[in-house]
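Here the structure is a predicted model, which is why all the values come from computation and not from measurement.
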Amino acid sequence: TQEPSYRKYLAGGFPTPSGKVEFYSKRMLDYGYDPVPSFTEPSESYNSPPEVVSKYPHMLTISARLIEYYHSQLRGIPSLQERIPEPMVEIHTSLAQELGVSHGDILDLETRRGRIQVKAEVNEVTHPRILQMIEGWSEANMNILTDDEHLDPISGFPPLRSMLCRISKIHIGTQPALATNKGCRIK
């Protein structure tokens with residue numbers, strides 16, 4: 001077995017036209033983009049119009065990953081299902097208390113595009129103003145929540161880490177997890 005090599009850039013430079021770290025990218029300029037990285041406000045944020053923020057007062061970030069699963073793969077392995085058996089959204093203890101949510105409650109999680117039902121995972125780790133959705137569950141399909149109109153102009157990727165949302169507690173035993181998108185129910 002070959003030993004891993006580190007700090008390869010010392011011998012060969014970086015994989016850029018100059019061989020150096022570039023904050024100004026001629027490559028980006030050649031493709032018609034700003035050659036210097038800059039911040040662009042997400043399509044949804046706490047700076048969105050007040051009427052939107054008042055209806056969807058929380059920030060949702062999706063694409064958190066679990067060590068047990070790789071995206072939507074490996075969900076059928078019984079030993080992994082025992083560890084993480086169902087979809088969940090992580091919520092900080094302080095926000096959960098404010099909303100009357102307890103660990104294990106079923107929540108209706110809604111964005112302007114759709115809604116899904118997930119179990120509350122209350123913890124001290126998640127940021128107090130952000131809900132974190134774990135991806136990869138067909139019964140709580142995050143794509144229903146995702147903005148597919150405001151894509152990153154370079155990568156074409158949707159804004160998975162900045163979606164305004166609202167949550168409400170569902171009374172225990174009312175119905176199984178479902179997802180809705182523009183009037184279509186998916187069970």
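Applying the ring-ring contact (aromatic ring centres under 6.0 Å, His included) test to residues at least two apart or on different chains, the pairs with a partner in residues 4-28 are Tyr9-Phe14. Among residues at least two apart or in separate chains, side-chain hydrogen bond (donor to acceptor under 3.5 Å, both in side chains) pairs with a member in residues 121-130 are Glu90-Thr126, Thr93-Glu124, Asn123-Thr126. Evaluation of the salt bridge (Lys or Arg N to Asp or Glu O under 4.0 Å) test over residues 37-61, restricted to residues two or more places apart or in two chains, returns Glu44-Arg112, Glu44-Arg113.
When hydrophobic residues (I, L, V, M, F, W, Y) are linked wherever their side-chain heavy atoms come within less than 4.5 Å, the members clustered with Tyr56 are Tyr46, Val52, Val53, Met59, Ile130, Leu164. Val125 forms part of no hydrophobic cluster, judged by ILVMFWY side-chain heavy-atom separations under 4.5 Å.
In this structure, CD in Gln117 is found 10.0 Å from CG in Leu109, a value given to the nearest 0.5 Å. Rounded to the nearest 0.5 Å, atoms CD1 (Ile62) and CG (Leu60) are 4.5 Å apart. Distance check: Met163 CE to Thr111 OG1 gives 6.5 Å after rounding to the nearest 0.5 Å. Expressed to the nearest 0.5 Å, how far CG of Leu107 lies from NZ of Lys119 amounts to 10.5 Å.
Partners of Ser155 under the side chain to side chain donor-acceptor pair (under 3.5 Å) rule, at least two apart in sequence or in another chain, are Asp152. Looking at residues two or more places apart in sequence or on another chain, you find no side chain to side chain donor-acceptor pair (under 3.5 Å) involving Ser48. The side-chain contact (heavy atoms from CB on, under 4.5 Å) search around Ser18 returns Thr16, Lys20, Glu22, not counting sequence neighbours. With sequence neighbours excluded, no residue forms a ring-ring contact (aromatic ring centres under 6.0 Å, His included) with Tyr33. Every side chain to side chain donor-acceptor pair (under 3.5 Å) that His92 has, sequence neighbours left out, goes to Ser94. The salt bridge (Lys or Arg N to Asp or Glu O under 4.0 Å) test applied to Asp30 returns Lys26, not counting sequence neighbours.
A chain of hydrophobic side-chain contacts below 4.5 Å, direct or via other Ile, Leu, Val, Met, Phe, Trp or Tyr residues, connects Leu145 to Phe157. Note on Val21 and Val36: separate hydrophobic clusters, where clusters join Ile, Leu, Val, Met, Phe, Trp and Tyr whose side-chain heavy atoms are under 4.5 Å apart, directly or indirectly.
Closest approach of Thr146 and Pro158 over heavy atoms only: CG2-CB, 3.5 Å. Nearest heavy-atom pair, Val122 versus Ser102, reported as atom, atom and distance to 0.1 Å: CG2-C, 3.8 Å. Of all heavy-atom pairs between Asp108 and Arg115, the closest is OD1-NH1, 2.8 Å.
Leu95 places a side-chain heavy atom less than 4.5 Å from the side chain of Leu131. Residues His58 and Ile91 have side chains not in contact (no heavy-atom distance under 4.5 Å, counting atoms from C-beta outward). With a 4.5 Å cut-off on side-chain heavy atoms, Pro87 and Val118 count as touching.
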Could you go through the side-chain contact (heavy atoms from CB on, under 4.5 Å) check for Asp147 and Ser43 one step at a time? CA-CA 9 Å; Asp147 181 356; Ser43 58; 3.3 Å; yes
